Structure formats: C-alpha cells, structure tokens
Amino acid sequence: MKIAVLGDGRVGIVREDRVYDVGGVVGWNAEDPQASLVRLMSGFDQLKTVIEDRLPACPSLPLSAVQLGPPVPSPSKIVAAPVNYKLHQDEMNQQFQNAAYTVENLGFFLKSPSSIVGPSSTVLLPFRDRRTDHEAELAFVVGRRAKDVPAERAAEYIFGYFALMDITVRGHEDRPWRKSFDTFTPIGPWIVTADEMGDPHDADIRLWVNGDLRQSSNTRWMIFNCFKFFEAVSRVMTLLPGDVVTTGTPEGVGSIQAGDTVRIHIDRIGSFEVNVDYKPGV
Ligand code: MN
C-alpha cells in the first residue's frame, strides 16, 4: 500500500494515478498528521483490510490534482548513515583526500527533523560560495518502539520505505550542521509499506539533475544494509514510532545550483522532483 500525506495534512492512499482520501476510515486528524501516522501504523494490521474494503467508496482525486506533503511530517529524529556504499567511499576519498569512514568507525549522525520538506518543494541553498550536494537515499519509517533490536528482527519494526534526498553542504563542519538547513531533507513521494516493498536490498536507486543522470546504483551495494543499520542504531538509542532512518547515498554525488531541478527514483517506491533556489536574502 502507498500512503501519502497531502500538503494540507490529510492522508491519501495512492492507487495507480488516483489518491483516495481514507481519513474518515482510519480516524485521521489533518491538524496533526504525524500523530495520525503513528496511530495508523500501530493499528495497521487490522486497518489494512478495512482500508481495502472501503477504498472504492472513498472520495478520490487524480494524483496530478493534489499537492503531496512529506509522508512523515515531523519525526522525533532523523537518523542517517554516513558513507554506506563502497563506491561512494572511494569517490569521497578521491575528492577530499580524507579517509571516508563507514558506520563501522563513525557510527551515525542525526539530521534536524525541521529540515524535512515534501516531494514537490524547493531546496533553498544557504550559501552562494559553498559547494552543496545532492545525495539520493533509501529511507524508512519506524513502525514500533525499538531498542536493542538484532538485524534478524529489524524488519518487524520497519513500517515502510520512501525516497530521501540528503542535501549536504561540503566542508569541515560536523555533519548535523552541514545537513540540517531548512529544506535539506526532501522526502517522498509516499510511504510504500514493507509488504509491498519486498526486499529493500534489491532496488535500483537513481538521481538526475536537470535530466542528466548523476547517481545510479542498487540498494544491494549498501555496506550496512537496512537491518544491520537498524541494529547499530537501536543499540544506542530508542527508536520511536514515526522516526526516520536513512541509509546513505551511493556514488555520483555532485553539486546543485539555483535553478536546477533534482529528480530521485527508487524501484517499487516511485519518483519525485524538487527545485533548487537560493534562500531569500542570500
Ligand atoms: Mn547521506
């Protein structure tokens, strides 16, 4: 099932090219979409069949007629993997002549939840004279409170998957500073539930800037896969329902400029495209 959050906070189930408003069926409160999502996830095993049964009778609109918001509007945290694809490690070593460490050495970092924006928004560059890069990533939303979860059981705690752009200013500052500017975490276009996603480690992931393919890889090349990364994170901190975990970018990262359009695609999830501009006043 594909679960979208609309720009006005309502929930929608995406079927082919239509969005069905199932808010009345699942008791969704558009004033607090994050709490509504957490509630939906906790009752999903039962709600799933109810949604399927009642979907045809729900009001619907063409996908092209709605504005989508971020499918996880305001998590308590965004946990992110540093270098997590071998070829990206190589390119970071070449470009910056510093050892690009992985989860093994570096652990992980947090991005500010307030950096999240929806799948048709604009990334605002805070500097004209600093290199700012795109990073295409597979991310997931935590469905159940999790602590000390071994990799073999991590799948039970992952509710669904989506695409994420980890926008990053290059430079010497710590990662949370370089990656937490407002608008630096576009996510979308919707959550694909884990059952529909199937194997998250067999999905092509691609990113284009102005139509030019910049990143093209497959999630099978992750160094710490979703489940191993989940174990590493949950050993340190309690993951709460609605938290976002993002799994690192493959090779091909490069800079973005004002005026660019950046498109991401992940198999079985879908695509979205954002614009790039300068932050007002910069
Ligand atoms: Mn990243």
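Computed from a prediction, not measured in an experiment: that's the story for all the values here.
Ring geometry for Phe230 versus Phe140: interplanar angle under 30°, hence parallel rather than tilted (30 to 60°).
Follow the hydrophobic side-chain contacts under 4.5 Å out from Val276 and you reach Phe127 in the same cluster. Linking Ile, Leu, Val, Met, Phe, Trp and Tyr whenever their side-chain heavy atoms come within less than 4.5 Å puts Val282 and Val123 in one cluster.
Two rings, from His265 and Phe272, have their centers 6.0 Å or more apart.
Side-chain atoms of His134 come within 3.5 Å of backbone atoms of Gly254 as a donor-acceptor pair (strictly under, hydrogens ignored). Remark: side-chain polar atoms of Thr183 are paired, donor with acceptor, to backbone N or O of Leu124 under 3.5 angstrom.
Under a cut-off of 6.0 angstrom, the local environment of CD in Glu31 is sparse, with at most 12 non-hydrogen atoms contributed by other residues, nucleotides or ligands.
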Walk me through it: do Arg178 and Thr168 pass the test side chain to side chain donor-acceptor pair (under 3.5 Å)?
CA-CA 6 Å; Arg178 295 188 289 106; Thr168 304; 5.7 Å; no
Evaluate side chain to side chain donor-acceptor pair (under 3.5 Å) for Glu137 paired with Thr246, printing each intermediate quantity in order.
CA-CA 7 Å; Glu137 308 199 359; Thr246 188; 2.8 Å; yes
Evaluate side chain to side chain donor-acceptor pair (under 3.5 Å) for Arg39 paired with Gln34, printing each intermediate quantity in order.
CA-CA 9 Å; Arg39 214 165 37 241; Gln34 181 72 21; over 6 Å; no
For salt bridge (charged side-chain N to carboxylate O under 4.0 Å, His left out), just list the numbers for Glu231 and Lys228, CA-CA rounded to whole Å, side-chain angles, deciding distance to a tenth of an Å, and then say yes or no.
CA-CA 5 Å; Glu231 174 181 293; Lys228 270 186 75 182; over 6 Å; no
Hey, mind stepping through Ser180 and Ser112 against side chain to side chain donor-acceptor pair (under 3.5 Å) and telling me if it holds?
CA-CA 5 Å; Ser180 287; Ser112 171; 5.0 Å; no
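In plain terms, the two heavy atoms of Pro186 and Phe184 that are nearest each other are CD-C, 3.5 Å. Here the closest non-hydrogen pair linking Asn84 and Gly248 is CB-CA, 4.3 Å. Listed here is the closest heavy atom pair of Val274 and Met165: CG2-SD, 3.8 Å. In terms of heavy atoms, Ile205 sits closest to Asn218 at CG2-N, 4.1 Å.
Under 3.5 Å, the side chains of Lys147 and Ser234 contain no donor-acceptor pair of N or O atoms. Between the side chains of His88 and Glu135, no donor-acceptor pair of N or O atoms lies under 3.5 Å.
Here Asn93 contributes atom CG and Gln95 contributes atom CD; the two are 10.0 Å apart, rounded to the nearest 0.5 Å. One distance of note links OG1 of Thr102 with CZ of Phe108; it measures 13.5 Å at 0.5 Å rounding.
Ion pairing between Asp204 and Arg206 holds under the 4.0 Å rule for side-chain N and carboxylate O. In summary, Arg130 and Glu173 engage in a salt bridge, as defined by a charged side-chain N under 4.0 Å from a carboxylate O.
A cation-pi arrangement is absent between Arg15 and Tyr20 under the rule of less than 6.0 angstrom and at most 45 degrees off the ring axis.
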